[in-house]
Protein chains: 2
Amino acid sequence: MSAKKIIGIDLGGTTAKFAILTQEGDIQQKWSIQTNILDEGSHIVPDIIASINHHLDLYNLSAADFIGIGMGTPGSVDREKGTVVGAYNLNWKTVQPIRQQIEEGTGIPFVLDNDANVAALGERWKGAGDNNPDVIFITLGTGVGGGIIMENTLLHGVAGCAGEIGHITVDPFGFECTCGKVGCLETVSSATGVVRVARQLAEEYAGDSELKKRLDDGQDVSSKDIFELAQADDALALLVIDRVCFYLGLACGNLGNTLNPSSIVLGGGVSAAGEFLRSRVEKYFFQFTFPQVNESTVIKLAQLGNEAGVIGAASLALQLLD
Amino acid sequence: MSAKKIIGIDLGGTTAKFAILTQEGDIQQKWSIQTNILDEGSHIVPDIIASINHHLDLYNLSAADFIGIGMGTPGSVDREKGTVVGAYNLNWKTVQPIRQQIEEGTGIPFVLDNDANVAALGERWKGAGDNNPDVIFITLGTGVGGGIIMENTLLHGVAGCAGEIGHITVDPFGFECTCGKVGCLETVSSATGVVRVARQLAEEYAGDSELKKRLDDGQDVSSKDIFELAQADDALALLVIDRVCFYLGLACGNLGNTLNPSSIVLGGGVSAAGEFLRSRVEKYFFQFTFPQVNESTVIKLAQLGNEAGVIGAASLALQLLD
């Protein structure tokens, strides 16, 4: 009999991604299914169970071949009870007894955590984090999320809010955030945040700029457009990206000053801007950290892309070995 | 034979405090000696060894009665090697092989960490932290230091800088700090920071104020004076304390948003202002945290005073049991 394997699930509002991995984190199989959020999301868990059982048959595997299944999910996770509540993009408004259902449906032990935490675990284990004990992951997407791993442990905090990097206050007098307070990192460095900063700076900008022209014309402008214009030397777009990176560098700086991880890893859609983004965040990170921190904590780009979720989720199952 | 005990040492530039504790953290004996920093601090460790051996004789105890000795020290600590370097208030400029010397001199296993971390461990274990898994301690003294305990583990970071709360940037365009950057929490909320803020606000203040009068007269004004004047309703002093608490609340808020500890504990000399300080920090903490955090993370005052150091230091010795 070969060594037991682990299964990772990355559950999102559009698809659920699956992978079968070795205990060393090498992906052996992967597949995905559409997420059916109809009927208050009541099809989601049965679909996951059917898909797992189907693929185990396909690969001639059984429950006994696995240590466990780990899953990352949107919403508020109760890790002890194995439940999720308030995952609005899944239509899960009431408490969902996920662990009970999946364990009964597959016969395999099950562990879950929230999606940003799980992506952090993935990047730390097999990606930019180099499996170091202290790694912070920031995902810059529609929103801004994150996960913090210190001393080899994913931090949760007393109410599960640790790692909510998107709600670091970077401007005490800044934009209103959906969370109810003002000046959150998310308001200025998510995909929508980048556009918000562009609209603000465009108002007072008088020079020549394609970005200014498009915004004044009322055209739809995305974060991606703004990065492309900046890389083509559009003067306003460069100001916008500089401001966005100032806030990211300030937030990363304070994470560095308080936690001194070996790396802070930038992922998510906005990080597709790559080195153009990273180098500018790093410039401000250096400005906002004291010497021992900026000599030891490194700003990096995520390496795993979409696979961070399934890999990190699968790593949750390894805790069942303890 | 009764259960083995632990020894805690809190080494400072003026005194070294000692205590013998039970494994439950109850102090059974305590004493202190002057710190003799002459001759490049070369008397410090021999004095510590002599004092321990003398007191063990006095109490009819021997090395075999102890699990270990824990010590908190200024300077840069190498926990693996058991050494300290760069403790300028002790005149320790070169690497000091503390663990080797103390283990040889007493026959008792020895562990050390830096003084702010050790105070955090003490407040978390037997003070305001209520022995919860996630507690942050901030010491507001001549400087601002701190320690972060998450998931029952004191965080150190890759280069030992975790917990350097005094160097959180609270104003990207603020005062210069001794660390080389600007706008550090320490520049506006240490004892000298409070006075710095007072001088800044006094310049533009035109109303009636005893504080303004004293500053304009060139009198020596301390942080304690400013708190006393504020508590006596001096208008400028109230503005100063409000500004100081704004910065403290912002820093605590961001610690809450990213780590969500059960409590953030304020200690050190400046915290002698008690509830007058705490309630004002809390006001801004609420402003700068999102709902789930301000419902679950509590701002508290330290409870142990000077004893936090020896208690936390002693708790280090418990890790020798693992």
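Naming: A, B, ... by sequence-line order, numbering from 1 per chain. Both backbone and side-chain heavy atoms feed into the values below; hydrogens, waters and symmetry mates do not.
- Here the closest heavy-atom approach between residue Phe290(A) and residue Lys181(B) is recorded as N-CD, 3.8 Å.
- At a 4.5 Å heavy-atom cutoff, Ser76(A) makes no contact with chain B through either its backbone or its side chain.
- Between chain A and the residues Leu155(B), Asp134(B), Thr153(B), Thr169(B), the most heavy-atom pairs under 4.5 angstrom are made by Thr169(B).
- No other option in Gly180(A), Pro172(A), Gly160(A) has as many heavy-atom pairs under 4.5 Å with chain B as Pro172(A).
- Of all the listed residues (Ile168(A), Val293(A), Thr289(A), Val182(A)), the one sharing the greatest number of non-hydrogen pairs under 4.5 Å with chain B is Ile168(A).
- Residues of residues 245-263 of chain A that come within less than 4.5 angstrom of chain B, heavy atom to heavy atom, are Phe246(A), Leu250(A), Asn254(A), Leu255(A), Asn257(A), Thr258(A), Leu259(A), Asn260(A), Pro261(A), Ser262(A) in numerical order.
- Among the candidates Cys177(A), Ala159(A), Pro133(A), the residue making the largest number of heavy-atom pairs closer than 4.5 Å to chain B is Ala159(A).
- Ranked by heavy-atom pairs under 4.5 Å with chain A, the first of Cys161(B), Pro291(B), Gly166(B), Cys179(B) is Cys161(B).
- Shown here for Glu151(B) and His156(A), the closest heavy-atom pair between the two residues is OE2-N, 3.2 Å.
- For Glu176(B), the CD atom sits in a loose shell: 12 or fewer heavy atoms of surrounding residues, nucleotides or ligands are nearer than 6.0 Å.
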